[in-house]
Structures are given as structure tokens and as C-alpha cells.
There are 2 protein chains.
Amino acid sequence: MPTPARTSLGEIVVAGRAIVETDGLEGLTMQKVAAAVGVRSPSLYKHVASRGLLVKLIVEDVVRDLGRTLDAVFTGDDPNNDMLTLARAFRDFAHRQPETYRLVFAPVPDEWRPAPEVLASASGAVLKTAAALAGPERALEAARLITAWAHGFLTMELAGAFRLGGDIDEAFTYGVKRLTDAVTRS
Amino acid sequence: MPTPARTSLGEIVVAGRAIVETDGLEGLTMQKVAAAVGVRSPSLYKHVASRGLLVKLIVEDVVRDLGRTLDAVFTGDDPNNDMLTLARAFRDFAHRQPETYRLVFAPVPDEWRPAPEVLASASGAVLKTAAALAGPERALEAARLITAWAHGFLTMELAGAFRLGGDIDEAFTYGVKRLTDAVTRS
DNA sequence: ACCTGAACACCGTTCAAGT
DNA sequence: ACCTGAACACCGTTCAAGT
């Protein structure tokens with residue numbers, strides 16, 4: 001007689017993501033996840049093959065969320081302003097959930113990397129804005145330049161590397177403007 | 001009767017760093033470190049208080065190494081060329097030891113963060129070059145802009161985020177030049 | 001078809017006992 | 001003063017047994 005499922009993969013991913021946000025990646029244990037969804041840890045393996053795969057699914061969930069967040073603030077009207085708005089939304093997103101944000105670019109084995117199409121789903125607005133600034137042929141390199149800078153800035157900020165002096169908000173805005181100018185075709 | 005020490009903190013840090021480089025941070029176990037220095041894992045606690053503290057000491061070792069590497073290529077003659085040379089040395093360093101490099105900006109609890117003076121010891125050459133390009137008052141923000149970009153670029157590269165198309169070496173060189181121009185006082 | 005307790009091979013860390 | 005085996009409280013994962 002089949003037992004009805006007491007949880008689901010979706011529920012497990014949501015619970016796991018909340019645990020990572022609260023306790024960090026190393027705080028994500030199968031037992032905590034199981035307790036959060038109301039089963040014992042061995043039962044999780046009926047829904048997800050391993051902790052590593054669960055982490056991958058959590059990261060893909062975060063990336064999709066980031067994509068929706070960026071798409072929501074993109075206007076397509078003024079590329080200079082869009083880039084600043086996108087960068088600030090990016091930073092807000094990372095500040096709101098630093099533990100899951102940093103997983104997006106964490107080096108993991110290939111099998112646990114977010115799928116390329118999921119990553120692509122988060123880069124549309126930045127690419128369109130970069131194309132408007134730098135021209136279609138240079139859109140990719142411009143988008144990468146700004147994304148790399150923003151991610152590096154956030155990583156260092158979250159790691160406490162900017163501890164010594166200076167207004168961090170101002171430094172961020174300064175950076176976006178400098179980089180927007182730098183990639184704009186003249 | 002005192003037993004002579006069979007290992008030392010220095011030896012433990014060197015062994016631990018090698019293990020992180022080979023097996024990643026999650027592969028760093030006290031048992032592996034103990035085996036590498038020829039004792040049993042409980043004995044390590046006579047030399048280092050915890051695995052977390054060992055990680056901190058490993059990171060500080062890596063940062064000092066990075067500082068020496070950058071100082072070695074810095075000339076002080078031509079700031080444009082120095083910045084390119086420093087950026088490439090930075091990238092080479094990260095490529096040679098990706099697992100330990102990424103620990104440098106990993107968000108960890110305060111007590112396990114590398115000491116500020118150790119971090120400062122690695123930033124001298126970049127700061128001097130940034131000052132030559134941007135002027136003394138803007139040196140800090142210029143150095144941070146380029147460091148954040150370089151770190152973000154490397155993180156994304158090591159995470160496999162640049163998988164789709166383009167020559168990565170060329171993209172890196174392009175980035176350095178664009179940023180050098182962007183921070184140069186006119 | 002999913003859930004469970006028991007078990008296995010690990011972890012980091014503590015501690016009493018050795019030298 | 002340092003080293004050790006044994007122990008404790010955890011991990012992820014497997015598996016036979018329940019429903």
C-alpha cells in the first residue's frame with residue numbers, strides 16, 4: 001500500500017534555502033532540512049539524491065530570483081540610469097541574503113553547477129543595458145566587466161575587506177558610474 | 001618527563017595549506033593534517049585551538065605570499081604597465097592555487113578573518129600604482145575598483161561562469177586597460 | 001511508494017592516561 | 001610538555017523492514 005508523500009522536492013528546496021540563509025552553507029544539514037519539512041533525514045533521499053544536488057537546486061532557485069529582481073527594475077528607457085538601478089538592485093539582493101548570494105559563484109564540481117540556461121535567465125537585463133551603452137558587439141564584454149566588478153565589490157564588502165574607512169554606498173555608486181562611462185561607446 | 005614536540009604550528013599550517021589546495025576547504029580534516037605531520041589528530045590541539053583558527057592561519061599565509069608575489073613584479077616606473085603586470089601576477093597566483101585564493105575573501109566569522117595588517121601587506125604595490133594613476137587622494141578608491149573587478153573576474157572564471165565563448169585572457173587584458181584608463185586622472 | 005530506525009564510515013573535539 | 005586511544009556528539013548516506 002503506497003504511503004502518500006509527506007513532503008516534496010519544492011518544499012525541501014525552500015526549507016534548505018532558508019537554512020543556508022540563517023546558518024550558512026556549512027549549517028545546511030540533512031537533519032535540519034528533514035526536521036523543517038517534518039520527516040527524518042533518510043526520507044529526503046526519496047526526493048533528492050544528495051546534499052550536493054540540493055545545494056545546486058537551492059542556487060538555481062536563488063539565481064532565478066535574482067533574475068526576476070533585476071528584470072523588475074529594468075526600464076529600457078535610459079541605459080545610464082538603468083545600469084545604476086540594476087547595480088543597486090543587485091547589491092540589495094546580495095545584502096538581503098548574503099549566504100545564498102555567495103553560492104552563485106562558488107566554485108563547485110561541474111555536476112553541482114547551476115545549469116547554463118538558469119544563469120542566462122539572470123543576465124538578460126544587464127546584457128540589454130550593456131548593449132545600449134556599448135553597442136551590440138561589445139555588449140557581452142561590457143556586461144562581464146560590470147558584473148565582475150559588482151560581484152567582486154560585494155564579495156569583498158561581505159567579507160569585511162572594506163572595513164577601513166570610506167562610505168561604502170558612495171564607493172559603490174562611484175564605481176558604477178565610472179564603469180558605465182568606461183564601457184560607453186564614444 | 002617532557003616529550004619533545006614531534007611537529008610545530010608552522011609545519012601544521014604548511015601541511016594544511018597543501019591539503020586545501022589539493023582537496024578544497026571541505027577536504028581539510030584534522031585527521032589528514034595530523035597524518036601529514038606524523039601525529040594523531042588530538043595532538044594538533046596542542047598547537048592550534050581549532051580547525052577554524054587553522055584556516056585563518058592558512059589564509060594569512062596565502063595573503064602574505066600574494067603580497068610578496070605582487071611586490072616582486074612592481075617596478076614603479078610606468079604605472080600603466082605596472083597595473084597590467086600586477087593584474088596578471090594576481091591572476092596567475094589565483095590560477096596556480098584556486099582553492100586557497102578563494103579563501104582570501106571568503107566571508108567568515110570575525111575571529112577567523114585574516115588580521116588587517118596582513119591584508120594591508122598585500123595591497124602596497126596596487127595602492128602605489130593606483131596613486132600614480134589617479135593621484136594620491138583617489139588612490140584608495142581606484143585601487144579598490146580594480147581589485148574588486150580583478151577578484152570578481154577571477155571568482156567568476158574559477159566558478160566556470162565564463163564558459164560561453166570568448167578568449168578569457170583577452171577579456172582580462174581588455175578589462176585591465178579599460179579600468180586603468182577609467183581611473184587615470186585627466 | 002514513501003517513511004523509519006538502525007547501522008556504517010566518517011567528522012571535530014575533549015580528556016584521562018601514558019611518557 | 002606533548003602524544004595517544006577512547007569516547008562523545010555529530011555528520012551524510014544506505015538499507016532492510018514497516019505501512
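Lettering of chains follows the sequences in order, A, B, ..., and the numbering in each one begins at 1.
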Below 3.5 Å is the cut-off: list the nitrogen or oxygen pairs between protein and nucleotides 9-11 of chain D, distance only.
unit_1: D:dC11; atom_1: OP2; unit_2: A:Gln31; atom_2: OE1; d: 2.5

Ring centers of A:Phe90, A:Phe153 separated by less than 6.0 Å: no
A:Lys46 NZ to D:dT13 C1', in whole Å, measures 13 Å
Using distance only, find each side-chain donor-acceptor pair of residues 25-48 of chain A under 3.5 Å and give its atom names and separation, not counting sequence neighbours.
unit_1: A:Thr29; atom_1: OG1; unit_2: A:Lys32; atom_2: N; d: 3.1
unit_1: A:Lys32; atom_1: NZ; unit_2: A:Asp23; atom_2: OD2; d: 3.0
unit_1: A:Lys32; atom_1: NZ; unit_2: A:Gly27; atom_2: O; d: 2.8

For D:dC3, does OP1 or OP2 lie under 4.0 Å from any side-chain N or O of B:His47? yes
cation_pi(A:Arg91, A:Phe172) dist<6.0 Å, angle<=45: yes
To the nearest 0.5 Å, atom OH of B:Tyr101 lies from atom CG of B:Leu154 at 5.0 Å
Secondary structure of DNA chain D per the Watson-Crick/G-U criterion (both distances under 3.5 Å; [ ] crossing, | other strand, . unpaired) is ||.|||||...|||||.||
Within residues 34-44 of chain B, those residues having any heavy atom closer than 4.0 Å to DNA chain C are B:Ser41, B:Pro42
For a quick test of your reading: what N or O donor-acceptor pairs under 3.5 Å do the side chains of residues 70-82 of chain B make, sequence neighbours left out?
unit_1: B:Thr75; atom_1: OG1; unit_2: B:Asp77; atom_2: N; d: 3.1
unit_1: B:Thr75; atom_1: OG1; unit_2: B:Asp82; atom_2: OD1; d: 2.9
unit_1: B:Thr75; atom_1: OG1; unit_2: B:Asp82; atom_2: OD2; d: 3.3
unit_1: B:Asp78; atom_1: OD1; unit_2: B:Asn80; atom_2: N; d: 3.1
unit_1: B:Asp78; atom_1: OD1; unit_2: B:Asn81; atom_2: N; d: 3.4
unit_1: B:Asp82; atom_1: OD1; unit_2: B:Thr75; atom_2: N; d: 3.2
unit_1: B:Asp82; atom_1: OD2; unit_2: B:Gly76; atom_2: N; d: 2.7

**Message:** Determine whether A:Val62 and A:Val104 satisfy the following criterion, side chain to side chain contact (heavy atoms under 4.5 Å, CB included), listing intermediate values before the conclusion.
**Reply:** CA-CA 8 Å; A:Val62 173; A:Val104 175; 4.1 Å; yes
- Task: Please check if A:Leu9 and A:Val14 belong to a single hydrophobic cluster, counting links between Ile, Leu, Val, Met, Phe, Trp and Tyr side chain heavy atoms closer than 4.5 Å.
- Result: no
**Prompt:** Yes or no on side chain to side chain contact (heavy atoms under 4.5 Å, CB included) for B:Arg17 and B:Gln97, after CA distance, side-chain angles and deciding distance?
**Reply:** CA-CA 10 Å; B:Arg17 184 171 164 184; B:Gln97 36 204 323; 2.8 Å; yes
Here the distance between atom P of C:dG5 and atom OH of A:Tyr45, to the nearest Å, is 16 Å
Exercise for review: For A:Ser8, report the nucleic acid contact type (base, sugar-phosphate, nothing); a contact means any heavy atom under 4.0 Å.
Suggested key: nothing
When you measure from the side chain of A:Ser121 to the backbone N and O of A:Val118, does any donor-acceptor pair fall under 3.5 Å?
yes
Side-chain polar contacts of residues 127-138 of chain A - donor-acceptor pairs under 3.5 angstrom, sequence neighbours left out - could you list them?
unit_1: A:Thr129; atom_1: OG1; unit_2: A:Ala125; atom_2: O; d: 2.8
unit_1: A:Arg138; atom_1: NH1; unit_2: A:Glu141; atom_2: OE2; d: 3.3

Exercise. State whether the side chain of B:Glu60 and the backbone N or O of B:Ala115 hold a donor-acceptor pair below 3.5 Å, judged by distance alone.
Key: yes
Are A:Arg6 and C:dT4 close enough that a side-chain N or O sits under 4.0 Å from OP1 or OP2? yes
